[in-house]
Amino acid sequence: MTSRWNDSLKRIDNFRWEIDMDFKPGMRVPGLIYADENMLNQIGEDKSPEQVANVAFLPGIIGKSMAMPDIHWGYGFPIGGVAATRVSDGVVSPGGVGFDINCGVRLVASNLTEKDIKPKIEDIIAQLFVNIPSGVGSEGRIRLKGNQLNKVLRNGARWAVEEGFGDKEDLDFIEDNGCLKGADPEQVSEKAKKRGLPQLGTLGSGNHFLEIQVVDEIYEQAAARAFGVEQTGQILILIHTGSRGFGYQVCDDYLKTMGMAVKKYDIELPDRQLACAPVRSPEGQAYLAAMACAANYAWANRQCITHWTRQTLSNIFGQSPRELGLRLIYDVAHNIAKIEEHKVDGKKLSVCVHRKGATRAFPAGHTDVPNAYKGIGQPVLIPGDMGRYSYVAVGTECAMEETFGSTCHGAGRIRSRSAAKREFSASDITDKLHAKGIVFKVANRASLVEEASAAYKDVAEVVNVADGAGISRKVLKARPIGVIKG
Amino acid sequence: MIEYEIIDHTADVGIIARGDSVRDVFINAAHGMFSLIADLDMVVEVDSQEITVEAPDQEELLVTWLNELLYLFDAENLIFSRFEIIHLGKEQLNAIVYGEQVDPARHNLKTQVKAATYHMLKLREEDGFRAHIILDV
């Protein structure tokens, strides 16, 4: 396989590698991987290049089947996969979104500095850990009654704000204002609703986290300032979670629907996990309506967690969230399918952009970029692993032209969870984090080992490739000083 | 007989379940999955649940069965350590599963399994029977 994939690989420039259509008969478009030479060797070690080729089988796919530099082996789509299909005659694939629908990241600013936080960090992390439920199967503090869940599913973050979780201004700084249009709770199974009911307002487990970070380096002063970051040493809060069991169930339900749709519409696919239906078919429309519900659940979830974070810091510092400057910088979805307008061959076209472990990266001037950032572009939030650092980048015109306005979403795993468990010990990792001055609380020690730094690519390499290719530009780097993890 | 192994997948986790019959493979796959979630030795069989699932073929039935168990874990807060399959056809499964309410501390919850996937899914007759399933974790 490795030799075959190398044979079909064409170097375009330092950061772009094309997979020929002859790599696998049935590909409708070529593949395109954003990577440098170093990464490429690693990418070739697993099945992710083949997954890029598999995605190219989707009916109605346009441009290329793309993979961002954090590409790694997923199920169905590779993680880091981006594919756009024509709404007119293309398909939507739940496998191009994944089980954790609208898994995403949000970043909150503050006017606190490392000096303000350092003496209180143990207390802050301990209290955040109490106030924000986390861990496997964690249940939330919110008790939804009757049709309240339907309101969450229809209105997303707006529901949360109306219930007192945060401010109205927050909504201006969330992708799609925290509410994806077209959400229809009627298209969601009772099972999904039952699974989602107790979990709203929970962080979950695995790679989900909340970090208190310090701005370490600023690359683009003007963009950083526009986002509310004035200087290094400033404190930021990064929250990474998604739609919990609700989203998993929606995906599972619709994979079954799509499994049948594939037969009904006579679609040939190399992997069952890519099951899909025409965007305009009843099955495709039902999935998009249910997926929007899950996306909205996730935005409400992150909004509630933001509120408790603000409350916690407010209590500890004896100042209001406003006085502490706890303003939402931005919130991005990195597992989602969106109907968007893009220019294809000089013409505006309505497409369904699947971003599976990829972030929207719209440029300055785009109508969907908040007014406050219009001259700069959309913030792109790229978390790294818990022991290193995360990045904020900004969307570009190049992303708009090449990747349907998309860039990378994170570090990308290089070691499986079991490999991490074999190679590292919890006490080693604890020591390393302590040595770096990172205070942390984890719901279980296994996830500490599974999420070890060395299990991930260095996110700096990922961000540099995206920057070098021009699909996003680096704005700043921040390192964690406090972490809570499920 | 409990026979399963956990295999490496970069982002997720795979299970290979074996058995003398397809029925054993289904049981062993469920064991393998719950062994990732918690310490099954600590689960007391005080509760039982009857499960019936359907799918167009037996491979999909395996995924459906595992996802039904994950649903009960999430929605009903139940963890299982024993699986008794009453009837297994090509398209339908009926089982009684035994376990109890989740106690995060006592059961030492480890991994959140989001779902069983269809990616590289295989159920074959091979030295008895053998299934390969990738879980999203």
Side-chain angles (χ1 to χ4, degrees), chain A residues 45-48 51 72-76 78-79 95 98-100 135-139 191-199 204-208 244-249 251-253 255-256 259-260 263 271-275 357 412-419 443-447 450 486, chain B residues 5-15 34-39 53-57 59-79 101-105 107-123 133-137:
Chain A
E45 282 173 16
D46 65 25
K47 290 194 165 57
S48 50
Q51 292 190 312
H72 58 286
W73 185 16
Y75 44 88
I79 295 162
F99 286 95
D100 196 355
V136 181
S138 46
E139 296 201 353
K191 280 172 94 171
K193 289 179 185 172
K194 207 164 170 207
R195 208 167 160 178
L197 212 53
Q199 294 186 343
S205 71
N207 60 357
H208 295 158
R244 312 285 290 107
F246 183 85
Y248 314 160
Q249 190 67 42
C251 182
D252 185 42
D253 291 340
L255 280 169
K256 281 194 164 303
M260 288 183 277
K263 287 174 198 144
D271 180 352
R272 285 173 88 159
Q273 193 69 30
L274 292 173
R413 287 193 84 91
I414 46 172
R415 275 189 180 78
S416 69
R417 286 170 169 85
S418 40
N444 78 81
R445 282 169 71 84
S447 77
E450 289 172 4
Chain B
E5 57 181 295
I6 305 300
I7 52 169
D8 275 10
H9 177 285
T10 321
D12 300 304
V13 174
I15 294 179
F34 275 103
S35 75
L36 287 167
I37 297 174
D39 281 346
V53 288
E54 288 175 9
D57 60 56
E59 281 185 341
E60 194 169 330
L61 192 62
L62 176 59
V63 168
T64 309
W65 150 249
L66 297 177
N67 282 334
E68 182 67 21
L69 294 169
L70 288 176
Y71 164 75
L72 291 169
F73 174 74
D74 249 6
E76 308 284 354
N77 223 11
L78 289 168
I79 183 137
Q101 285 284 313
V102 174
D103 177 346
H107 296 141
N108 183 27
L109 295 183
K110 296 180 283 194
T111 307
Q112 173 96 58
V113 179
K114 293 175 187 165
T117 77
Y118 299 90
H119 179 54
M120 298 174 74
L121 174 65
K122 275 185 214 101
L123 175 61
I133 314 126
I134 289 180
L135 306 175
D136 183 7
V137 296

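Residue numbering restarts at 1 for every chain, and letters A, B, ... go by the order of the sequence lines.
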Closest-packed option against chain A by number of heavy-atom pairs under 4.5 Å, given B:V137, B:L109, B:D136: B:D136
Within-4.5 Å side-chain heavy-atom neighbours: B:E59 and A:R272: yes
Interatomic distance, CG@A:D271 vs OG1@B:T117, rounded to 0.5 Å, equals 8.0 Å
Validate the cation-pi geometry between A:K191 and B:Y71: distance from NZ or CZ to the six-membered ring centre under 6.0 Å, angle to the ring axis within 45°. yes
Could you tell me which portion of B:A38 (side chain, backbone, both or neither) has an atom closer than 4.5 angstrom to a non-hydrogen atom of chain A? neither
Looking only at non-hydrogen atoms, find the nearest pair between B:Q112 and A:S205 and report the distance. CB-OG, 2.9 Å
Start with the C-alpha gap between A:E139 and B:N77, add the side-chain angles, then the distance that decides, and say whether side-chain contact (heavy atoms from CB on, under 4.5 Å) holds. CA-CA 10 Å; A:E139 296 201 353; B:N77 223 11; 3.7 Å; yes
Of all heavy-atom pairs between B:A116 and A:F99, which one has the smallest distance, and what is that distance? O-CZ, 3.9 Å
Check the pair B:E54 / A:K256 against salt bridge (Lys or Arg N to Asp or Glu O under 4.0 Å), numbers first and verdict last. CA-CA 11 Å; B:E54 288 175 9; A:K256 281 194 164 303; over 6 Å; no
Taken to the nearest 0.5 Å, the spacing of A:W73 CH2 from B:D8 CG works out to 9.0 Å
Let me see the working for A:V136 and B:F73 under side-chain contact (heavy atoms from CB on, under 4.5 Å), right down to the final yes or no. CA-CA 10 Å; A:V136 181; B:F73 174 74; 3.9 Å; yes
Could you check whether any side-chain heavy atom of A:K263 comes within less than 4.5 Å of a side-chain heavy atom of B:P56, counting everything from C-beta outward? yes
Stepwise side-chain contact (heavy atoms from CB on, under 4.5 Å) check, B:V63 with A:Q273: CA-CA 11 Å; B:V63 168; A:Q273 193 69 30; over 6 Å; no
A:L255 vs B:E60 side-chain heavy atoms within contact, under 4.5 Å: no
Between A:G245, A:G74, A:S48, who has the most heavy-atom pairs with chain B when the cutoff is under 4.5 Å? A:G74
So, B:H119 and A:Q51: side-chain donor and acceptor under 3.5 Å apart, yes or no? yes
Counting heavy-atom pairs under 4.5 Å with chain B, which one of A:R415, A:K47, A:Q199 comes out on top? A:Q199
Part of A:I414 within contact of chain B (heavy atom distance under 4.5 Å): backbone
Do A:Q249 and B:D74 come within less than 4.5 Å of each other through their side chains, counting heavy atoms only? no
Hey, what do you get for CG (B:L70) to CZ (A:R195), rounding to the nearest 0.5 Å? 6.0 Å
Would you mind reporting whether B:K110 and A:E450 have side-chain heavy atoms less than 4.5 Å apart? no
